[in-house]
Amino acid sequence: PDSVGATVLVTTRMALDELLANGAERLRLDALAPDKATHLLAELIGKDRVAAEPDAAEELLAYCGGLPLAIDICGARLWDDPGATLATFVVGLRDEAKRLANINLGKRFSVQAVFDGAYRALSTPEASMYRRLGLHPAPSFSARSAAAAAGVDVESAAVSLGVLRSSYLLEMTAVDGEERYRFHDLLRVHARQLALKQEDAAEQVDELRRITRYYAALSIAIDRAMTKERLRFAPTLEPVIAVPDIPSVAEAFTTFERERASFVSVQRAAFQAGCFQDAWVIGEALWPPYHGRLHPDESKGVFNVGALAAAEDGHLEAQARLLMLRARAEMELGSFDDAEQTLSESRTLSDRSSDVRLRGSVNEATGILYLDQGSFDTALTYFAKSRTQFESVHAPRGVAIQDYVIGRAHQGAGSFELAEDAYELSAQVLEDLDDPLLLGRVLLHWGETLLQLEDQAAAGVLERSAEIARQLG
């Protein structure tokens with residue numbers, strides 16, 4: 001209409017940039033917030049029905065993901081059958097393979113039909129990217145990760161991701177300066193179903209291997225950015241897509257937090273698909289960031305999957321190491337009996353290995369188990385044994401760690417002069433090794449000990465520890 005008071009409202013999944021050139025205003029609509037989605041469902045089927053089954057209503061709306069069309073269709077079906085309960089209706093949505101088919105009012109009015117129409121409008125590269133991302137186990141992904149999934153270069157992946165976003169088939173957010181993409185939950189189901197139908201089994205396996213190898217290599221990059229030298233069993237990996245450069249400990253922590261949920265999902269998918277090496281490598285490599293950020297519930301699961309994968313891969317040392325790391329997480333959770341049992345399993349395996357550093361690390365973890373429970377003399381016995389083992393194979397970082405934990409045991413027992421000596425020895429070695437992450441911890445405990453001794457040097461040591469913490473983020 002060309003009258004002054006008229007307005008035309010156009011709804012579309014396409015960008016329609018030509019309308020902007022003619023003065024149109026674009027309003028991007030997000031999914032409905034939970035309270036708005038509940039209000040819409042109540043308007044469709046009645047407030048009483050929603051109030052009578054709040055849990056079922058919440059589950060139904062979770063499957064709809066705030067998508068108005070999905071809520072409208074579910075509401076229409078429920079309104080048409082006033083005797084049906086929400087609990088019964090939601091049963092048909094729980095099976096992912098049947099979810100889209102059950103959100104319909106016939107073939108021509110369904111979520112499936114809308115998604116199919118958007119998919120058919122895609123060119124071949126974007127359609128391929130859409131399908132393959134449907135098999136991606138991570139909840140969100142970067143352009144590099146998407147490139148690994150699709151088997152294309154990063155530049156091509158970025159172009160396809162941009163088209164999918166413009167077509168409202170992907171959502172994009174910026175996390176710590178990096179563009180990341182994710183599916184609406186129903187679109188992920190749609191993309192996955194297309195992939196399972198159109199991609200042959202061999203390509204599905206190859207795609208998952210590209211993804212798991214990329215994340216395994218990324219976890220190694222994080223590890224090596226945080227700690228130049230430590231006990232590792234992971235081999236050198238060559239992913240199809242190069243992982244980003246991680247120049248500092250601070251950037252390693254940022255990358256870890258950004259990818260945490262992805263690491264957990266990808267590791268589990270790797271184990272289930274038989275990519276055992278990638279699964280245990282992810283677990284082993286993520287010890288430094290997990291130790292620095294303390295997510296014990298989550299890390300326990302990651303280390304456990306890693307240990308299971310190492311066992312399947314036949315890597316005894318990696319299995320022992322990951323069991324020891326699981327025990328460390330159990331200690332952080334205060335589950336000392338579980339940690340003792342897990343350490344026993346780790347020790348049995350490590351005793352079969354010729355790697356002295358591995359046996360030393362198990363003794364160290366056992367000492368920490370006693371330290372955390374206040375048994376300082378027993379802890380010191382294990383730390384001294386571990387120190388001797390690391391010293392015998394000329395592993396200065398291992399020796400420095402034992403001096404650090406020996407200091408903690410003396411500090412806990414109130415022997416502050418002995419603790420000060422141990423911390424000083426540890427700090428001297430770590431300065432030479434350029435290990436700021438561990439050095440910061442040593443300086444913190446050293447400073448606290450100096451305070452107990454009323455030593456004026458305490459302020460300078462604690463300030464140095466605080467400065468390192470600020471640098472590492």
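Every heavy atom of this structure was used, including side-chain atoms; hydrogens, water molecules and symmetry mates were not.
Separating the CG atom in Leu343 from the CD1 atom in Ile368 is a distance of 9.5 Å, to the nearest 0.5 Å. Here the CZ-NZ distance, from Phe390 to Lys385, works out to 13.0 Å after rounding to the nearest 0.5 Å. Of the inter-residue distances, the one linking Ser262 atom OG with His136 atom NE2 reads 7.0 Å to the nearest 0.5 angstrom. Atoms CG and CD, on Leu443 and Glu448 in that order, are 11.0 Å from each other to the nearest 0.5 Å. Leu451 CG to Leu462 CG: the interatomic distance, rounded to the nearest 0.5 Å, is 5.5 Å. Going from atom OH of Tyr423 over to atom CZ of Phe416 covers 9.5 Å, rounded to the nearest 0.5 Å.
Under the 4.0 Å criterion applied to side-chain N and carboxylate O atoms, Arg232 and Glu284 are not assigned as salt-bridge partners. The pair Arg165-Glu171 does not meet the salt-bridge criterion, since no charged nitrogen lies less than 4.0 angstrom from a carboxylate oxygen. Lys228 and Asp435 are not joined by a salt bridge, as no carboxylate oxygen comes within less than 4.0 angstrom of a charged side-chain nitrogen. The existence of a salt bridge linking Glu203 and Arg131 is excluded, since no basic side-chain nitrogen approaches an acidic carboxylate oxygen closer than 4.0 Å. The residues Arg94 and Glu59 are annotated as salt-bridged, a charged nitrogen and a carboxylate oxygen being separated by less than 4.0 angstrom.
The shortest non-hydrogen separation linking Ala327 to Ala339 is O-CB, 3.6 Å. When all heavy atoms are compared, the tightest approach of Gly407 to Ala419 is O-CB, 3.4 Å. Residue Ala234 comes nearest to Ile220 through the heavy atom pair CB-CD1, 4.1 Å, listed as atom of the first residue, atom of the second, then distance. In plain terms, the two heavy atoms of Leu358 and Asp355 that are nearest each other are N-OD1, 3.0 Å. The two atoms that bring Met324 and Ser361 nearest to each other are CE-OG, 3.7 Å, heavy atoms only. Of all non-hydrogen atoms in Cys64 and Ile71, the two that sit nearest each other are CB-CG1, 3.8 Å.
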For this session: Walk me through it: do Phe376 and His410 pass the test side-chain contact (heavy atoms from CB on, under 4.5 Å)?
Result: CA-CA 7 Å; Phe376 303 117; His410 283 312; over 6 Å; no
Problem set entry | Derivation and outcome, side-chain contact (heavy atoms from CB on, under 4.5 Å), residues Thr173 and Arg182 | CA-CA 8 Å; Thr173 59; Arg182 66 177 299 275; 5.6 Å; no
For this session: Test Ser465 against Val461 for side-chain contact (heavy atoms from CB on, under 4.5 Å), laying out the working first.
Result: CA-CA 6 Å; Ser465 175; Val461 173; 5.8 Å; no
For this session: List the steps and the verdict of side-chain contact (heavy atoms from CB on, under 4.5 Å) for Ile406 and Arg387.
Result: CA-CA 9 Å; Ile406 286 170; Arg387 190 183 194 282; 4.2 Å; yes
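Under a 3.5 Å cut-off, the side chain of Thr227 and the backbone N or O of Arg224 do not form any donor-acceptor pair. Of the possible polar contacts, none joining the Ser167 side chain to the Leu169 backbone as a donor-acceptor pair under 3.5 Å is found. Without hydrogens or angle criteria, Arg132 side chain to Ala150 main chain gives a donor-acceptor distance under 3.5 Å. Formation of a donor-acceptor pair under 3.5 Å by the Arg210 side chain with backbone atoms of Ala149 is found in this model. Thr212 places a side-chain N or O within 3.5 Å of a backbone atom of Arg209 that can act as its donor or acceptor partner. A donor-acceptor pair under 3.5 Å links the side-chain atoms of Thr38 to the main chain of Pro34, judged by distance alone. At distances below 3.5 Å, not a single donor-acceptor pair connects side-chain atoms of Arg326 with backbone N or O atoms of Arg321. With hydrogens and angles ignored, the 3.5 Å screen pairs a side-chain donor or acceptor of Thr348 with a backbone N or O of Ser344. Formation of a donor-acceptor pair under 3.5 Å by the Asn102 side chain with backbone atoms of Lys98 is found in this model. In this structure, Ser346 contributes its side chain and Ala320 its backbone to a donor-acceptor pair below 3.5 Å.
Scanning for side-chain hydrogen bond (donor to acceptor under 3.5 Å, both in side chains) contacts around Asn363 gives Arg347, Gln389, with sequence neighbours left out. Applying the ring pair (Phe, Tyr, Trp, His ring centres under 6.0 Å) rule to Phe233 yields the partners His315; only residues at least two apart in sequence or on another chain are considered.
Taking the six-membered ring for Trp and thresholds of 30 and 60 degrees, Tyr119 and Tyr130 have ring planes inclined between 30 and 60 degrees apart. Ring planes of Tyr290 and His295: perpendicular class, angle over 60° (limits at 30 and 60°).
In this structure, the side chains of Ile222 and Phe253 stay at 4.5 Å or more apart for every pair of heavy atoms. Side-chain contact between Leu208 and Leu135 is absent, with no heavy atoms from C-beta onward closer than 4.5 Å. Two residues are said to be in side-chain contact when any heavy atoms from C-beta on lie closer than 4.5 Å; Ser299 and Leu286 fail this criterion. In this structure, the side chains of Glu259 and Arg180 come closer than 4.5 Å at one or more pairs of heavy atoms. Residues Asp116 and His190 are in side-chain contact: their nearest non-hydrogen atoms beyond the backbone lie under 4.5 Å apart. Side-chain contact check for Arg464 versus Leu439: some heavy-atom pair is nearer than 4.5 Å. Residues Gln319 and Leu322 are not in side-chain contact: their nearest non-hydrogen atoms beyond the backbone lie 4.5 Å or more apart. Annotation: side chain of Ser142 is in contact with side chain of Tyr214 (closest heavy-atom distance under 4.5 Å).
Applying side-chain contact (heavy atoms from CB on, under 4.5 Å) to Arg408 and the options Asp372, Leu380, Thr449, Asp403 leaves one that passes, Asp372.
Taking a 6.0 Å sphere around CG of Asp337, one finds it holds 12 or fewer heavy atoms contributed by other residues, nucleotides or ligands. The 12-atom threshold is not exceeded at CD of Glu58, counting heavy atoms of other residues, nucleotides or ligands nearer than 6.0 Å. By the neighbour-count criterion of 12 heavy atoms within 6.0 Å, atom CD of Glu340 is sparsely surrounded, having that number or fewer from other residues, nucleotides or ligands. No more than 12 heavy atoms of other residues, nucleotides or ligands lie within 6.0 Å of CD in Glu229, so this atom counts as exposed by the packing criterion. Within a 6.0 Å radius of CZ in Arg268, no more than 12 heavy atoms belonging to other residues, nucleotides or ligands are found. Residue Glu96 qualifies as enclosed at atom CD: its count of foreign heavy atoms under 6.0 Å is above 12. Annotation for Asp377: atom CG does not count as buried by contact number, only 12 or fewer foreign heavy atoms lying within 6.0 Å.
Gln471 and Glu467 share a donor-acceptor pair across their side chains, judged by distance under 3.5 Å alone. Using modelled atom types and a 3.5 Å distance limit, the side chains of Tyr181 and Ser145 yield no donor-acceptor pair.
For His445 and Tyr404, the gap between ring centers is short of 6.0 Å.
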